[in-house]
Amino acid sequence: MKHILIIGATGQIGSELTMELRRRYGNTNVVAGYIQGAEPKGELKESGPSAVVDVTNGEMIESVVKEHHIDTIYNLAALLSVVAESKPKLAWKIGIDGLWNVLEVAREQGCAVFTPSSIGSFGASTPHTLTPQDTVQRPRTMYGVTKVTTELLSDYYFNKYGVDTRAVRFPGIISNVTPPGGGTTDYAVDIYYSAVKGEKFVCPIKEGTLMDMMYMPDALNAAIMLMEADPTRLIHRNAFNIASMSFDPETIYHAIKKHVPAFEMVYDIDPLKQRIADSWPDSLDDTCAREEWGWKPAYDLESMTVDMLEKLREKLKK
Ligand SMILES: NC(=O)c1ccc[n+]([C@@H]2O[C@H](COP(=O)([O-])OP(=O)(O)OC[C@H]3O[C@@H](n4cnc5c(N)ncnc54)[C@H](O)[C@@H]3O)[C@@H](O)[C@H]2O)c1
């Protein structure tokens with residue numbers, strides 16, 4: 001992995017993944033791909049090359065890959081779960097037609113490809129506790145449908161054409177740089193902003209609703225570790241369960257309140273988000289990732305909370 005293209009580099013994960021890859025592989029070797037209206041700014045813009053890459057345009061992807069001698073593509077372009085429900089056709093176009101374009105370019109130009117799946121690839125008929133690596137995947141959201149298809153299409157290109165496709169199923173990602181893009185787990189980011197701003201948090205997800213979550217540094221590490229893993233050890237490829245913590249709104253609220261005693265939370269349930277959350281696993285079994293490529297998270301809820309509050313206080317000068 002020497003010359004890397006990130007498609008969707010200005011999103012919640014892409015903005016931090018691009019900077020982490022630049023730290024590890026050198027600024028000039030990591031190209032930030034973006035679409036018009038979502039241009040890179042600040043350090044992301046200044047620190048390395050960037051290019052317009054619309055995932056729905058195969059020729060555009062090919063020309064950037066050739067120009068920068070790209071050997072690895074991190075394809076992060078997607079519409080997240082809540083947004084995809086209101087724009088299902090566009091979610092398919094970006095998530096699946098876009099992936100097809102990426103895989104075709106990868107096949108022709110010899111690139112490895114990382115396209116994340118999600119806990120959203122599971123559905124109500126999946127075992128909810130310690131969800132196994134290989135299990136029922138019958139989601140009823142368009143987000144989930146695109147994620148299962150992503151996994152299958154990526155495996156197809158690996159088995160049929162030998163394209164080096166690898167992925168993880170990300171849980172809800174908690175971070176403090178770029179706000180989340182419209183997913184069901186966004187509340188677990190928003191709650192920290194409310195705590196630091198001294199505002200009452202209005203939680204859209206019911207008490208008792210467990211979902212898997214992960215702090216951004218662990219998520220970045222997972223993606224990069226997997227792309228660097230010895231391929232002869234990989235039994236699975238698309239996509240690995242990874243896990244670090246699972247909690248409900250009350251648990252994260254109390255974890256924050258320990259450090260911000262005056263913090264208050266009330267509930268105003270969003271029916272769409274709740275329906276999606278209820279269909280997702282409570283916790284994932286990530287044994288295969290641990291055994292096949294040494295996955296191990298560094299953060300738990302307490303250490304993440306300390307770090308999130310410190311970073312957000314600095315960012316918001318509170
Ligand atoms: N953030 C999470 O909690 C989470 C959890 C599970 C899986 N994932 C997956 O990780 C990936 C990245 O997620 P994210 O949270 O950074 O999402 P995001 O919505 O923050 O970012 C998505 C990026 O895709 C870009 N994009 C949109 N349309 C595009 C197009 N036609 N061509 C190229 N780029 C386009 C957007 O400009 C944006 O930069 C997605 O596949 C998502 O499903 C995220």
Side-chain angles (χ1 to χ4, degrees), residues 5-20 31-41 44 50-58 60-61 64 73-84 87 89-102 105 113-122 139 141-151 154 167-190 211-216 218-220 222-223 238-245 273 276-277 280-281 284:
L5 169 65
I6 295 116
I7 300 177
T10 58
Q12 186 196 5
I13 297 176
S15 56
E16 295 199 51
L17 181 63
T18 304
M19 295 309 298
E20 183 60 28
V31 180
Y34 64 95
I35 51 171
Q36 263 146 20
E39 288 78 7
K41 297 189 183 90
L44 188 61
S50 51
V52 177
V53 182
D54 187 328
V55 80
T56 63
N57 183 335
M60 195 182 264
I61 303 169
V64 173
I73 302 172
Y74 285 83
N75 169 29
L76 305 180
L79 296 188
L80 299 196
S81 54
V82 175
V83 182
K87 299 175 187 168
K89 196 170 177 185
L90 185 60
W92 181 272
K93 189 175 173 194
I94 294 170
I96 303 308
D97 297 343
L99 173 61
W100 190 286
N101 292 333
V102 171
V105 171
V113 179
F114 176 90
T115 309
S117 184
S118 159
I119 52 172
S121 68
F122 299 112
T141 60
M142 181 45 70
Y143 184 64
V145 169
T146 63
K147 289 304 179 189
V148 176
T149 311
T150 294
E151 295 187 13
S154 298
V168 295
R169 295 178 181 133
F170 278 133
I173 307 298
I174 295 164
S175 67
N176 48 58
V177 176
T178 304
T184 306
T185 54
D186 292 7
Y187 91 88
V189 178
D190 301 339
M211 283 187 277
D212 252 306
M213 305 278 180
M214 184 172 289
Y215 197 28
M216 184 65 90
D218 278 332
L220 302 181
N238 300 288
F240 282 92
N241 282 1
I242 52 169
S244 64
M245 61 186 95
K273 288 184 182 172
I276 297 175
W280 288 1
L284 298 190

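We use all heavy atoms of the structure for the numbers below, so side chains are in, but hydrogens, waters and symmetry mates are not. Both counts, for ligands and for their atoms, begin at 1 and track the order of listing.
Of all protein heavy atoms, the one lying nearest to atom 21 (O) of ligand 1 is Gly11 CA, 3.4 Å. The protein non-hydrogen atom at the shortest distance from atom 33 (C) of ligand 1 is Val53 O, 3.3 Å. Looking only at protein heavy atoms, the nearest one to atom 1 (N) of ligand 1 is Gln12 OE1, 2.8 Å. Protein heavy atom closest to atom 22 (C) of ligand 1, with residue, atom name and distance, is Leu76 O, 3.8 Å. Among protein heavy atoms, atom 32 (N) of ligand 1 sits closest to Val55 N, 2.9 Å. Protein heavy atom closest to atom 2 (C) of ligand 1, with residue, atom name and distance, is Ile173 CG1, 3.6 Å.
Contacts of Ile35 with ligand 1, taken as heavy-atom pairs under 4.0 Å, involve the side chain alone. Contacts between Ala77 and ligand 1 below 4.0 angstrom, taking non-hydrogen atoms only, involve backbone and side chain alike.
Close contacts between ligand 1 and Thr10 involve ligand atoms 39 (O) [criterion: under 4.0 Å to a heavy atom]. Each of the atoms 5 (C), 6 (C), 7 (C) of ligand 1 lies under 4.0 Å from some heavy atom of Phe170. The distance from ligand 1 to the heavy atoms of Ser118 drops below 4.0 Å at these ligand atoms: 6 (C), 7 (C). Near Ser117, meaning under 4.0 Å from any of its heavy atoms, are these atoms of ligand 1: 7 (C). The Asp54 neighbourhood of ligand 1 comprises atoms 30 (C), 31 (N), 32 (N), with distances under 4.0 Å to a heavy atom of that residue. Remark: ligand 1 atoms within the under-4.0 Å shell around heavy atoms of Ala38 are 37 (O).
Separating the CZ atom in Phe122 from the CG atom in Asn241 is a distance of 4.5 Å, to the nearest 0.5 Å. The CH2 atom of Trp100 sits 11.5 Å away from atom OG1 of Thr149, with the distance rounded to the nearest 0.5 Å. In this structure, CG in Leu99 is found 13.0 Å from OG1 in Thr56, a value given to the nearest 0.5 Å. Here the CZ atom belonging to Arg169 is positioned 6.0 Å from the OG atom belonging to Ser117, to the nearest 0.5 angstrom.
Between Asn75 and ligand 1, a contact under 3.5 Å exists for no N or O pair. In terms of polar-atom proximity, defined here as any N/O pair under 3.5 Å, Ile94 makes no such contact with ligand 1. Between Ala9 and ligand 1, no N or O atom pair is found at a separation short of 3.5 Å. Taking only nitrogen or oxygen atoms, main chain and side chain alike, Tyr143 reaches within less than 3.5 Å of ligand 1.
Residue Tyr34 places every heavy atom at 4.0 Å or more from ligand 1. Taking a 4.0 Å cut-off on heavy atoms, Arg169 fails to register as neighbouring ligand 1. In this structure, Gly37 falls outside the shell of residues with a heavy atom less than 4.0 angstrom from ligand 1.
Here the shortest heavy-atom distance to atom 25 (C) of ligand 1, taken over Gly8, Pro180, Ala91, belongs to Gly8. One option in Gly172, Gly183, Pro171 has a heavy atom closer to atom 5 (C) of ligand 1 than any other, and that option is Pro171.
Asn57 places no side-chain N or O within 3.5 Å of a backbone atom of Asp54 that could act as its donor or acceptor partner. The backbone N or O of Thr115 sits nowhere less than 3.5 Å from a side-chain atom of Asn75 that would complete a donor-acceptor pair. Listed for the Glu20 side chain is no donor-acceptor partner under 3.5 Å among the backbone atoms of Thr18. Asn101 places a side-chain N or O within 3.5 Å of a backbone atom of Val55 that can act as its donor or acceptor partner. Lys147 places a side-chain N or O within donor-acceptor distance of the main-chain N or O of Pro116, the cut-off being under 3.5 Å. The backbone N or O of Met213 lies less than 3.5 Å from a partner atom in the side chain of Ser244, making a donor-acceptor pair.
Put simply, atom 40 (C) of ligand 1 has protein non-hydrogen atoms near it, under 4.0 Å away.
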